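Note that the structure is predicted; figures quoted are calculated from it, not measured. Protein chains get the first letters and strands the later ones, always in sequence-line order, with residue 1 at the start of each.
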Amino acid sequence: MKVYFFTNEYDETTKQIAASLRSSGILILSNQEHFSSISHPADMSLEKMQAVIIYGAEAASAGYLVAAALSQKKPVLYVLPKGNLFPEELKFLQGNRQLAQLFLVKFVQPGKATEAIYDFLELLETGELRQENVSIKFTFRLSPRLERYLNWRSVKEKISKADWLRNFLIEEVIEKDEAWKNYIKNKNKPDQEGNS
Amino acid sequence: MVNIVTNNKSVTIIIASSWPAITQNQLTQAIPEISLLAKTKLVNFSYDHKLPAAPQWQSFVDLIRAEAADPIGGLVVLADLTLALYLSNVISFGWLQPTLPIIFTTGVEDLFFKKKLIKAGGVKANLINAVQLATLAKPQTVILDGFHLIAPSKAGFDQRNETNTLVSLDNQYIGKVDFGISFSEETLPVQVGWPHHNLFETQIQVINQGPFAAEVISAQAKGLIFVRHEPQVALAESFLASLEVPYVIFQPTLLLEKTSTPIVNYLTWHCLVVKFAWLLAATDNQTLITNGLLNPYLGEIMGS
C-alpha cells in the first residue's frame, strides 16, 4: 500500500507517524523527503496512492490536498495536535455523508500518534474507510449448479453476479471472521507505543 | 518551482459551453470538494461555437471584466478543449494585464455525461485544481489541463498522445500539479504597447490554400487567413497584392523559401486567429498587422 503523508512539521509526532507506517509495510511518499520511503518519479501522482495522511494544525495548507484526495475517493486521515479546534474550512465535510465516509480526524497528544495510525490502517482494511475500488482480477470456474444459483440471485436482487459475490464476501464472510479481524489487528500493532 | 499554500477566498466559476446551463446546486452536488477550497459563484456563458472569430469574444471579455470587478480572489473558466484554447487567447490579448488570476480549464462535457468524474484528467480534478489555483496564482491568464499549467498562447493539442489533452507546444510550462500546485517562478511576459484594446474583428475568413482560393473569398471578409498545408504550393504574389483586405498565411511547417509575404509559422493556430482578429480591430493596414503579428505581446512568438 502507498500512502501520501503531508506535514509541515518535523517533530516526534511526525517521526512516529512515519515509523508506524513503515513498520506496517506501508510505502510512504511525503512532501518532506526524509519521511519518504519511495522515490518521487515524475509519474507518481495522487492517483497512485491508496490513502492520504495529513498532520498539523495548519488546516489552510491541507484543504486543497483533502479536496483533491476525496475527489479521487482516497481515504484521508487528518491528525491534529490535541488542543486544536477542528478546522473551520473542513466543517463542511461533516455535513456531507458521501465525503465524510472517507475522512477521519484524530486529535493526538504529542508523540502519541501511533494508535491513530494503526486504527486508520485497520479501518482501511476492515471498516468504513476501506476503498471500494475493485481492481483485482480473479478468475475461477463454477459448476453449472453454482452458475444457476448466481443467475437466479442476480435477477432476484437486480445486481450483477460479480457485485452480489463481492457483497456476500464482505458481509457474510469477512465481517463475520473473527480470526481474520484478530490477524489484521495484530499485524498492525507495534510491540510498544512508538517502538517500531 | 515554489510550493504554494491554500487559503479560502471567493472564486467565480464561468461555464462557457453550448450545453444547457447548470445551477450552483448541481455543480456543488457533482463536485462537493470545491466547497473546501473557496466560496464559489457560478455564471453560465452560453456559446454557439461558430469559431473562429465569433462575435461572442467581445461579450466574453466584457463578462470577465465585469465579474473581476467583484471582490473575488480569482476566476475559473470551464469549457471544452477547443473553446478553452480560443477564449483563453481572447482574454490574454483582450486584457493584457489582468488584475486577478484567470484560470481556464477543460472537461465541461464530463459534467453532463458523468464520465471520468474521479480521474485525475477529468473535470473533477481539473476544476478542483483550477479553483485552488484561482485563489493563489499571480494575476495572469493560464490554462490548467491535467497536470500542466500552460500559457494560452503556447497551448495546443498533443498530437503524440491519444488522450485528449493540451500541451505547451514549446514544451515550457508555467507550473505543474503534483500533490499540490507548484509554479515556475517566471511571470508571463506582457508587453503593453500598440494596440491596447479589447476589441476583436468578427469578419475573418479562413481559406484552405489551393488553386481556387480567389473564388471563395467572401465580400464581407475584413481579414483573410490562408492555411497552407503544403509549403511548396505558394499563392501567386500578384494574387496576394490584389487582395483588398489584410491577410495572413498560416503554415504550421517550416518555411522552405524566403518571402516578403506574411507567412506565420511562429504562432499556434488559436493564438494566430485571436491575435489577427485583435489587430484587425485596430487597423486594416497590412504592414501594421504584419509587424503586430511579429510583436511578442505575451511572449507568444515560438522559436524566438
Notebook entry, point to check: Say you draw a straight line from CD of E33(B) to CD of Q72(A); how long is it, rounded to the nearest 0.5 Å?
Noted result: 9.5 Å

Next item on the list: Drop me the distance from I128(B)'s CD1 to L70(A)'s CG, to the nearest 0.5 angstrom.
Entry: 8.5 Å

Item checked: Side chain, backbone, both or neither of L99(A) within contact of chain B (heavy atoms, under 4.5 Å) -> side chain

Next item on the list: Determine the sole option in V131(B), L136(B), N129(B), L133(B) for which the side chain to side chain contact (heavy atoms under 4.5 Å, CB included) test with Y64(A) is passed.
Entry: N129(B)

Notebook entry, point to check: Under 6.0 Å from the CD atom of E172(A), do we count more than 12 heavy atoms belonging to anything else shown?
Noted result: yes

